[in-house]
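Note sheet for the following structure.
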Amino acid sequence: AQSVTQLGSHVSVSEGALVLLRCNYSSSVPPYLFWYVQYPNQGLQLLLKYTSAATLVKGINGFEAEFKKSETSFHLTKPSAHMSDAAEYFCAVTSGGSNYKLTFGKGTLLTVNP
Amino acid sequence: DTAVSQTPKYLVTQMGNDKSIKCEQNLGHDTMYWYKQDSKKFLKIMFSYNNKELIINETVPNRFSPKSPDKAHLNLHINSLELGDSAVYFCASSQGTREQPQHFGDGTRLSIL
């Protein structure tokens, strides 16, 4: 079985501040991990993915995430928040079996204050 | 050139009606999905097809019936709509294996009156 826990349903930062969105996963086999962003009334857009290569993954819009097996974590960071980063962020995992099931966390709403 | 397109974008209907949502992808992917996003933004997979074969069928009422006429299309038909079916339904596609990211459509917002 696989699962994802996103700590903090709502994170608020000031423009220019560090963004840190937390994600912990549970998987019985090596996981593949993804971060998606959802802007209001839109679909999900892939930010970045970890698929067993480099543990520090760089994505679009200046975001990056680090896979830490010992901590079962895949936290998303961005050095300096922009107003345009305000959105809902989802961490997701696929692992094991022959299907391609993507299990999502409950999401973290990021607000950026001017 | 929309990669994953869903129609309609909004669907407002009454309880008991039957409705369909269509999805098409032009990415050449071989796997397509339906997800349901509830009012709390929680996303849960409903179905997945790989090369037109059903490979994921989560615990979904049998009022929901997916159909994949070809690899580029995956439709969702819902019979006897209930209030609890109100949600945003997302279609997605990927190329096979589990490490490949899924590409999502913009969603269909279904509202049951």
Side-chain angles (χ1 to χ4, degrees), chain A residues 1-6 8-10 23 25 27-54 57 59-60 63 65 67 74 87-110, chain B residues 2-10 21 23-25 27 29-51 53-60 74 87-109 111:
Chain A
Q2 59 198 42
S3 66
V4 167
T5 302
Q6 290 184 240
S9 59
H10 186 195
C23 172
Y25 69 91
S27 174
S28 56
V29 296
Y32 294 137
L33 294 154
F34 306 85
W35 274 101
Y36 284 87
V37 59
Q38 184 179 29
Y39 298 102
N41 298 315
Q42 293 187 26
L44 280 75
Q45 180 181 358
L46 180 71
L47 279 177
L48 48 81
K49 63 177 182 177
Y50 166 77
T51 56
S52 73
V57 180
I60 63 171
F63 284 93
F67 173 73
F74 190 58
E88 190 90 27
Y89 290 79
F90 293 93
C91 183
V93 62
T94 66
S95 59
S98 60
N99 64 55
Y100 316 127
K101 182 177 175 180
L102 192 60
T103 300
F104 285 90
K106 293 188 175 181
T108 297
L109 178 64
L110 175 67
Chain B
T2 304
V4 181
S5 59
Q6 298 178 226
T7 55
K9 189 173 177 66
Y10 298 97
I21 307 171
C23 179
E24 176 182 5
Q25 55 94 4
L27 297 167
H29 289 164
D30 61 1
T31 308
M32 296 185 72
Y33 311 79
W34 279 112
Y35 287 87
K36 180 180 180 180
Q37 186 175 46
D38 63 23
S39 59
K40 296 184 178 180
K41 298 289 184 89
F42 183 57
L43 273 157
K44 186 170 168 57
I45 191 165
M46 300 173 69
F47 303 103
S48 177
Y49 275 74
N50 174 254
N51 288 315
E53 297 294 325
L54 182 65
I55 57 170
I56 296 175
N57 185 353
E58 293 293 288
T59 307
V60 176
L74 180 62
V88 182
Y89 293 84
F90 286 99
C91 178
S93 72
S94 69
Q95 182 53 35
T97 57
R98 56 190 176 94
E99 67 266 28
Q100 294 304 314
Q102 296 176 17
H103 298 255
F104 285 77
D106 285 341
T108 295
R109 185 174 295 276
S111 299

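Only the side chain of A:Gln38 comes within less than 4.5 Å of a heavy atom of chain B; its backbone N, CA, C and O stay farther away. Contacts between B:Ile45 and chain A at a heavy-atom distance below 4.5 Å involve the side chain alone, from C-beta outward. Contacts between A:Leu46 and chain B at a heavy-atom distance below 4.5 Å involve the side chain alone, from C-beta outward.
For the pair A:Leu48/A:Tyr50, no side-chain contact is recorded, criterion being any heavy-atom separation below 4.5 Å from C-beta on. Two residues are said to be in side-chain contact when any heavy atoms from C-beta on lie closer than 4.5 Å; A:Phe34 and A:Thr94 meet this criterion.
Between the CD atom in A:Gln42 and the CG atom in A:Leu44 there is a gap of 10.0 Å [rounded to 0.5 Å].
Ranked by non-hydrogen atom pairs under 4.5 Å with chain A, the options B:His103, B:Gln102, B:Lys9 are led by B:Gln102.
Considering A:Phe63, A:Phe74, A:Tyr36, A:Trp35 as possible partners of A:Tyr89, the one that fulfils the ring-ring contact (aromatic ring centres under 6.0 Å, His included) test is A:Phe63.
A:Gln45 places no side-chain N or O within donor-acceptor distance of the main-chain N or O of A:Tyr39, the cut-off being under 3.5 Å. In this structure a side-chain-to-backbone donor-acceptor pair under 3.5 Å is present from A:Thr108 to A:Gly8. The backbone N or O of A:Gly107 sits less than 3.5 Å from a side-chain atom of A:Gln6, completing a donor-acceptor pair.
The contact list for residues 29-37 of chain B toward chain A, using heavy atoms and a distance under 4.5 Å, reads B:Thr31, B:Tyr33, B:Tyr35, B:Gln37 by residue number.
Residues passing the salt bridge (Lys or Arg N to Asp or Glu O under 4.0 Å) test with B:Lys44, sequence neighbours excluded: B:Glu58.
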